[in-house]
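Below is one structure; the comments refer to it alone.
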Amino acid sequence: MLSKNNRLHKEKEIKSLIHRGQTFFLPEFIIKYQKNQKNSSRFTFVVSTKVDKKAVVRNRLKRQLRELIRGVLPKVHAGFDVLIIAKPNSLSLDFAGLTKQMTFALQKIKLLSDK
RNA sequence: AAAUAAAUUGAGAUGAUCGCCGCGCCUAAAAAGCGGGGAGGACAAAGUCCGAACACCACAGCCGUCUUUGACGGAGAUAGUUGUUAACGACAACCGGCUAUUUUGGUGACUUAAUAGCCAGGACAAGUUGAACAGAAAAUAUGCCUAUCCCGCAUUUUGCGGGGUUAAGGGUGAAAUGGUCAGAUAACAAGCUGACCCGUUAAUCUGGUGACAGAUUAAAAGAGCUAAACUCUAUUUGGUGCAAAACUAAGUAGGUCCGGCAUCAGCCGGACGGGUAAGUUGCUUGAGGCUAUGGGCAAUCAUAGUCCUAGAUAGAUGAUCAUCGUCCGCCUUUGGCGGAUACAGAAUUCGGCUUAUGAUAUUUAUUUGGGU
RNA sequence: UCGGGGAUCGUCUAAUGGUAGGACAACGGGUUCUGGUCCCGUUUAUUGGGGUUCGAAUCCCUAUCCCCGAG
């Protein structure tokens with residue numbers, strides 16, 4: 001789990017992010033991101049019932065995504081709000097595959113530093 | 001012994017690294033640190049089909065109207081009896097009925113008994129509705145065919161017309177206006193008569209808390225099915241839901257009005273009123289779990305002992321790796337390799353109902369094979 | 001935490017409790033030199049499970065799935 005500084009949880013902020021943020025598509029997720037005025041980057045995750053009807057499966061996917069972000073967090077540029085929407089394809093990947101796809105995406109949109 | 005079904009049981013362990021949420025210690029407070037806790041067992045956290053606790057609102061108790069201690073009209077729920085329960089449409093026991101199989105007695109209608117399963121099980125004997133196809137006829141039964149008798153006419157057989165008897169018989173159908181055996185009258189015949197069987201209604205008696213059961217007597221209007229069709233009868237009834245609700249501090253967005261500044265756009269100040277976001281409580285010790293004893297056929301109740309076992313708030317309880325365990329398959333069988341390890345994730349709490357779940361073990365039932 | 005509606009051939013859509021109908025599609029045949037158009041025929045369905053009824057797509061219960069709404 002991410003610490004509270006790195007969580008995005010206000011409903012208004014999420015809505016404004018959905019409306020104004022830039023979007024990046026992958027077969028596994030949709031990533032929306034936007035600059036904020038803070039010192040740290042904040043993340044939130046959406047896994048809808050369309051991905052899977054079982055709460056167990058959805059919760060597991062959410063936990064894996066959070067863990068993944070926690071791993072790359074030191075390398076992420078500060079000052080961004082990020083919303084990650086999972087798609088049904090992501091269930092077919094294991095943790096290593098998810099990590100690969102996510103790092104690729106974050107590098108593409110230049111949130112990830114090379115260090 | 002195997003297979004299948006049902007019920008019960010049961011549903012992994014340890015370590016490493018990196019993390020999350022409460023609680024306690026420490027602290028003025030926080031951070032850090034330390035300690036300890038953090039996902040279920042079908043009674044599902046699920047579905048949200050019922051019920052209750054708790055809270056608020058409305059109210060004098062379902063709703064509407066009126067001439068308001070009531071009347072009229074309307075809506076919903078429940079439906080054998082007794083009990084259990086905080087409550088229920090749940091549960092238990094009993095009563096009654098239906099179906100299937102076997103079985104006892106009888107010429108027969110029918111009946112005796114056992115086992116298994118099922119029942120939303122008030123009323124069709126207040127009224128209304130509906131019943132395709134087939135069939136003479138489907139609810140006011142009886143027109144028709146057939147049968148049979150009498151009269152008249154024609155006549156070889158027999159045919160035609162009129163009248164009488166409507167009881168048996170009439171391919172049907174889910175269902176045909178009780179049934180069986182015998183007898184009499186007679187042209188043929190029928191509850192026409194007798195005995196019996198089944199069923200209905202009423203009264204009395206006996207037993208049972210009661211549903212009801214048994215016995216006796218009487219009456220014949222022997223009355224079809226359908227109320228999970230309208231309807232009638234009896235009993236009964238508030239709404240919203242923890243995002244309920246209470247408290248704390250702050251006084252922000254958008255709006256209206258007034259005043260000032262400004263060419264306009266707009267800006268500043270004040271008032272009204274408003275509801276947005278935050279924290280705390282509600283919140284987890286409860287109609288609680290486990291064990292023993294006792295009451296009760298049982299559901300369940302009483303007493304004693306013992307235990308405390310999540311409480312998040314866009315939502316923690318995890319991720320990755322390794323080793324072992326259990327099961328299955330294959331092989332080169334002290335072992336190796338591969339695969340599997342179910343259903344499922346708390347959101348105020350609780351009682352029921354419904355529904356998801358792999359292996360092992362146990363019990364019961366059925367089937368098959370083998371042995372005696 | 002609650003409330004409401006729905007499910008019929010591959011698709012769309014009918015059906016008082018009484019033979020599940022129609023259109024398009026698909027397939028086969030005919031017409032044509034060939035294809036299209038046109039004509040004829042065939043195939044395919046009441047979401048699952050129980051109940052009421054002589055009889056259920058329809059009535060009742062229950063489950064599954066889908067859609068919509070409130071805070």
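From a predicted model like this one, the values you see are computed outputs, not experimental measurements. Just so it is clear: chains get the letters A, B, ... in the order the sequence lines come, proteins before strands, and each one is counted from 1.
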Does [N] have a Watson-Crick or wobble mate here (both distances under 3.5 Å), and if so which one?
{"N": "A87(B)", "answer": "none"}
{"N": "A322(B)", "answer": "U14(B)"}
{"N": "A147(B)", "answer": "U165(B)"}
{"N": "U372(B)", "answer": "none"}
{"N": "A234(B)", "answer": "U78(B)"}
{"N": "C25(B)", "answer": "G33(B)"}
{"N": "A182(B)", "answer": "U193(B)"}
{"N": "G96(B)", "answer": "C119(B)"}

Expressed as a whole number of Å, how far does the [atom1] atom of [N] sit from that of [M]?
{"N": "A44(B)", "M": "U341(B)", "atom1": "P", "answer": "27 Å"}
{"N": "G80(B)", "M": "U355(B)", "atom1": "P", "answer": "23 Å"}
{"N": "A203(B)", "M": "C118(B)", "atom1": "P", "answer": "38 Å"}
{"N": "A15(C)", "M": "A45(C)", "atom1": "C1'", "answer": "14 Å"}
{"N": "U313(B)", "M": "U362(B)", "atom1": "C1'", "answer": "47 Å"}
{"N": "U240(B)", "M": "U235(B)", "atom1": "P", "answer": "27 Å"}
{"N": "U81(B)", "M": "A234(B)", "atom1": "P", "answer": "16 Å"}
{"N": "G279(B)", "M": "C23(B)", "atom1": "P", "answer": "14 Å"}

Anti/syn call for [N], syn if |chi| within 90°:
{"N": "G191(B)", "result": "syn"}
{"N": "U46(C)", "result": "anti"}
{"N": "G22(B)", "result": "syn"}
{"N": "U309(B)", "result": "syn"}

